[in-house]
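Since the structure comes first, as structure tokens, the remarks are kept for the end.
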Amino acid sequence: MTAVTQNAVTKTAVTKTAVTQTEKTGARTDEAASLIGDARERIDALDDRIIGLIQERMAVSAVIQEARIGSGGRRVNLAREMEVLGHYRDALGKPGTALAMTMLELCRGRI
């Protein structure tokens, strides 16, 4: 392979890599693609922590439900769920209510 051909192949490979990175992020510059890539890694780490916290909440909720049912109470305390919904709504707005509903659904009825 001649030096010119080798250089063209290398340049094509570099261009394909850059295109792939910008296509992957939707960015138009390498700098923006790098920034987006780093931020997405941080988001992935945050998501892992959030999932872990929800799993922990599910376990604590199961303990509460067992104690409530064991004492003759109901599995779900609707007044408490309304408090939780209000807390999320106050902190996050209307989408917070939907998020809280999903979280409450995950935490109910595991017993």
Side-chain angles (χ1 to χ4, degrees):
M1 188 178 290
T2 67
V4 173
T5 306
Q6 177 66 33
N7 196 16
V9 169
T10 301
K11 191 173 185 178
T12 301
V14 169
T15 302
K16 284 184 180 179
T17 301
V19 169
T20 302
Q21 181 66 7
T22 56
E23 284 177 353
K24 185 176 180 182
T25 64
R28 294 186 183 250
T29 66
D30 291 339
E31 182 180 333
S34 178
L35 178 75
I36 291 167
D38 293 345
R40 284 182 177 170
E41 286 179 19
R42 176 108 167 97
I43 284 174
D44 290 345
L46 289 167
D47 285 343
D48 289 342
R49 287 173 50 200
I50 291 166
I51 290 167
L53 289 169
I54 291 172
Q55 289 171 331
E56 183 178 347
R57 190 190 193 288
M58 290 167 64
V60 173
S61 182
V63 169
I64 292 169
Q65 288 177 42
E66 285 178 26
R68 190 181 304 115
I69 292 168
S71 71
R74 299 180 65 199
R75 180 177 56 90
V76 176
N77 181 334
L78 296 178
R80 173 63 180 150
E81 288 197 357
M82 293 305 293
E83 288 176 20
V84 172
L85 291 170
H87 181 68
Y88 275 70
R89 182 189 61 247
D90 292 346
L92 303 172
K94 186 177 179 181
T97 304
L99 178 62
M101 287 295 295
T102 300
M103 192 249 333
L104 288 169
E105 183 179 347
L106 285 168
C107 293
R108 280 189 215 122
R110 296 284 184 196
I111 302 171

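The first residue in the sequence is number 1, and the count goes up from there. Owing to the predicted nature of the structure, the values given are computational and were not obtained by experimental measurement.
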Treating Ile, Leu, Val, Met, Phe, Trp and Tyr as nodes and any side-chain heavy-atom pair under 4.5 angstrom as an edge, say whether [X] and [Y] lie in one connected cluster.
X	Y	answer
L106	M101	no
M82	Y88	yes
I54	V84	no
L35	I43	no
L85	L92	yes

Here the pair of heavy atoms bringing S61 nearest to C107 is OG-O, 3.1 Å

Kindly indicate whether the side chain of [X], heavy atoms from C-beta on, has any atom under 4.5 Å from the side chain of [Y].
X	Y	answer
E81	L78	yes
R40	I36	yes
N77	Q65	no

Applying side-chain contact (heavy atoms from CB on, under 4.5 Å) to H87 and D90, what does each step give before you reach the verdict? CA-CA 5 Å; H87 181 68; D90 292 346; 5.9 Å; no

Evaluate the side-chain contact (heavy atoms from CB on, under 4.5 Å) criterion for residues R57 and L104: first the C-alpha distance (whole Å), next the side-chain angles of each, then the deciding distance (0.1 Å), finally the verdict. CA-CA 10 Å; R57 190 190 193 288; L104 288 169; 4.1 Å; yes

Between CD1 on residue I69 and CD1 on residue I64, distance to nearest 0.5 Å: 12.0 Å

Side chain R68, main chain R75, donor-acceptor under 3.5 Å: yes

